[in-house]
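Report on the following structure.
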Protein chains: 2
Amino acid sequence: MAATKDPRPCSIADALALVGEKYSLLVLREVCLGNGRFDQLVRNIGAPRDILATRLRRLVDAGILTKRAYSERPQRFEYRPTRAGLELEPVLVTLMAWGDRHLREDDNRPMVVEHACGNELLPVVVCQACGDAVRHEDLSAHPQAPGWTVAGPTAA
Amino acid sequence: MAATKDPRPCSIADALALVGEKYSLLVLREVCLGNGRFDQLVRNIGAPRDILATRLRRLVDAGILTKRAYSERPQRFEYRPTRAGLELEPVLVTLMAWGDRHLREDDNRPMVVEHACGNELLPVVVCQACGDAVRHEDLSAHPQAPGWTVAGPTAA
DNA sequence: TCCGTGAGTTGGAAAATCAAACCCTCCCCT
DNA sequence: AGGGGAGGGTTTGATTTTCCAACTCACGGA
């Protein structure tokens with residue numbers, strides 16, 4: 001999976017190296033929903049069991065999931081998100097909202113998420129400093145390391 | 001790439017079916033930075049040229065990228081994000097922030113993004129209704145379709 | 001004419017995925 | 001004591017993808 005010669009140091013690439021493989025983010029979805037058992041994951045995700053076992057090992061090694069026994073004798077396990085894993089949930093809900101908007105005609109969404117405030121969750125990515133929603137035109141990229149060149153209006 | 005029997009209708013899965021293949025989101029990163037030419041993409045992403053060609057076709061077909069000629073005679077092309085593509089940028093910056101926080105010791109980030117407000121962009125995913133940052137404990141999932149079962153505190 | 005650039009395509013070896021079957025441990029039923 | 005689950009994986013062999021290097025084609029410039 002390692003992009004053998006990615007010349008760009010990049011946290012997006014690094015993050016995707018951990019969670020960008022097929023099924024990994026769906027595993028996280030299920031685990032965040034509380035469906036952390038192997039057979040649940042197989043059924044709900046539709047992944048081959050061997051692949052799923054590989055992904056789970058990777059995610060545990062990466063510190064995104066933990067494996068806990070929910071029963072000794074017989075030993076039975078459950079995967080749960082770590083804090084780092086939970087912090088990927090905003091990525092999931094943002095991706096879900098994008099899919100709802102662009103991949104479906106209005107309002108046959110497969111799932112609605114409710115926020116503690118009582119409203120349906122419509123996730124918006126904002127700038128922490130000013131609170132404004134992030135729009136492409138308002139961003140400019142500043143590479144900190146060699147290997148980067150950016151063109152156009154976002155140039156350093 | 002299609003998960004042949006995913007029993008869960010899910011916009012996260014659908015979105016990942018389009019942009020979840022290896023390199024696709026890195027293509028979007030580059031294109032959002034203004035580096036939309038084939039050879040730039042090859043160099044900056046480090047992907048095999050044939051795979052990249054396949055990904056670009058898929059992303060154009062999906063309406064996430066467009067292919068424009070920036071020169072006739074000789075014909076030279078450039079890929080640019082569509083509106084739908086630009087709306088994935090919040091996912092990218094959120095993922096980048098996660099990688100910066102969890103995958104690097106403090107402050108050798110490869111790239112800093114500046115927001116129009118003058119501050120460094122720290123993306124936060126908030127609930128549009130109440131403005132609060134999204135935290136796992138505040139969410140509850142409500143499946144709208146058959147095939148879903150959720151366990152635990154987020155149950156329907 | 002020869003070289004270089006941009007934008008891919010082609011061919012074959014190497015790696016990852018898939019589906020189905022299998023295994024092991026325990027528990028329950030009789 | 002035997003048989004039948006369930007849970008949590010591993011094994012096997014066929015199918016797909018990826019990977020890499022080399023190649024193509026169209027131009028433009030020296």
Side-chain angles (χ1 to χ4, degrees), chain A residues 1-7 13 16-27 30-31 34-62 65-80 149 151-152, chain B residues 1-8 13 16-27 30-31 34-61 65-80 149 151-152:
Chain A
M1 178 73 188
T4 41
K5 53 176 184 204
D6 184 335
L16 288 174
L18 291 185
V19 299
E21 291 169 305
K22 197 176 174 182
Y23 304 121
S24 293
L25 285 177
L26 298 183
V27 168
E30 288 303 314
V31 162
N35 302 112
R37 305 183 187 174
F38 192 83
D39 275 22
Q40 287 178 321
L41 293 168
V42 168
R43 274 192 299 279
N44 294 342
I45 297 172
R49 310 172 75 81
D50 56 341
I51 306 288
L52 197 51
T54 309
R55 294 293 180 272
L56 287 168
R57 262 189 294 270
R58 250 182 101 52
L59 291 170
V60 169
D61 288 355
L65 262 42
T66 51
K67 183 181 188 175
R68 307 183 69 70
Y70 66 86
S71 146
E72 312 285 342
R73 327 208 48 67
Q75 284 232 312
R76 292 293 142 78
F77 302 104
E78 179 186 22
Y79 295 90
R80 302 176 103 284
T149 48
Chain B
M1 177 73 189
T4 40
K5 53 175 183 203
D6 184 334
R8 261 206 204 301
L16 288 173
L18 290 185
V19 300
E21 291 169 303
K22 197 175 174 183
Y23 304 123
S24 293
L25 285 176
L26 299 182
V27 168
E30 287 304 314
V31 161
N35 302 112
R37 305 184 186 174
F38 191 84
D39 275 22
Q40 287 178 321
L41 293 169
V42 168
R43 274 192 300 279
N44 294 343
I45 296 172
R49 311 172 74 78
D50 55 343
I51 305 289
L52 198 50
T54 308
R55 294 292 181 273
L56 288 167
R57 260 188 296 270
R58 251 183 101 49
L59 291 170
V60 169
D61 287 355
L65 262 42
T66 51
K67 184 181 187 176
R68 307 184 69 71
Y70 66 88
S71 147
E72 312 285 342
R73 329 208 45 71
Q75 283 231 311
R76 292 295 142 77
F77 302 103
E78 180 188 19
Y79 294 90
R80 303 173 104 287
T149 48

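Letters A, B, ... mirror the listed sequences (proteins, then strands); counts begin at 1.
For the atom pair Asp39(B) CG and Asn44(B) CG, the distance stands at 10.5 Å (nearest 0.5 Å). Between the CD atom in Glu21(A) and the CZ atom in Arg58(A) there is a gap of 4.5 Å [rounded to 0.5 Å]. Distance check, rounded to the nearest 0.5 Å: CD of Glu78(A) to CG of Asn35(A) gives 9.5 Å. The line from CG of Leu56(B) to CG of Asp61(B) is 10.5 Å long, rounded to the nearest 0.5 Å.
In this model, the phosphate group of dG8(C) is approached by a side-chain N or O of Lys67(B) to a distance below 4.0 Å at OP1 or OP2. Residue Lys22(A) places no side-chain N or O under 4.0 Å from the OP1 or OP2 atom of dT17(D). In this model, the phosphate group of dG8(C) is approached by a side-chain N or O of Tyr79(B) to a distance below 4.0 Å at OP1 or OP2. Regarding contacts with the backbone of dC18(C), a side-chain N or O of Tyr23(A) is found under 4.0 angstrom from either OP1 or OP2.
Within the 4.5 Å cutoff, the side chain of Phe77(B) has heavy atoms near those of the Gln75(B) side chain. Taking the side chain as every heavy atom from C-beta outward, Val31(B) and Leu59(B) never approach each other to under 4.5 Å.
Of the listed nucleotides (dC18(C), dG8(D), dG6(C)), dG6(C) has the atom at the smallest distance from the side chain of Tyr70(B).
Formation of a donor-acceptor pair under 3.5 Å by the Arg55(B) side chain with backbone atoms of Lys22(B) is found in this model. For Arg49(B) (side chain) and Phe38(B) (main-chain N/O), no donor-acceptor pair under 3.5 Å exists by modelled atom type.
As a whole-Å value, the separation of Glu78(A) CD from dG7(D) C1' is 13 Å. The CG atom of Leu41(A) sits 16 Å away from the C1' atom of dA6(D) (whole-angstrom rounding). Rounded to whole angstrom, the span from the CZ atom of Arg68(A) across to the C1' atom of dG8(D) amounts to 18 Å.
Counting all heavy atoms, side chain and backbone alike, Ala69(B) lies closest to Glu72(B) at CB-OE2, 3.6 Å.
DNA chain D lies under 4.0 Å from at least one heavy atom of each of the following residues of residues 49-57 of chain A: Arg49(A), Asp50(A), Ala53(A), Arg57(A).
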Nucleotide-resolved protein contact map, nucleotides 23-30 of chain C, B/S/- at heavy-atom distance under 4.0 Å: --BSS---
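Within the 4.0 angstrom heavy-atom criterion, base atoms lie near Phe38(B).
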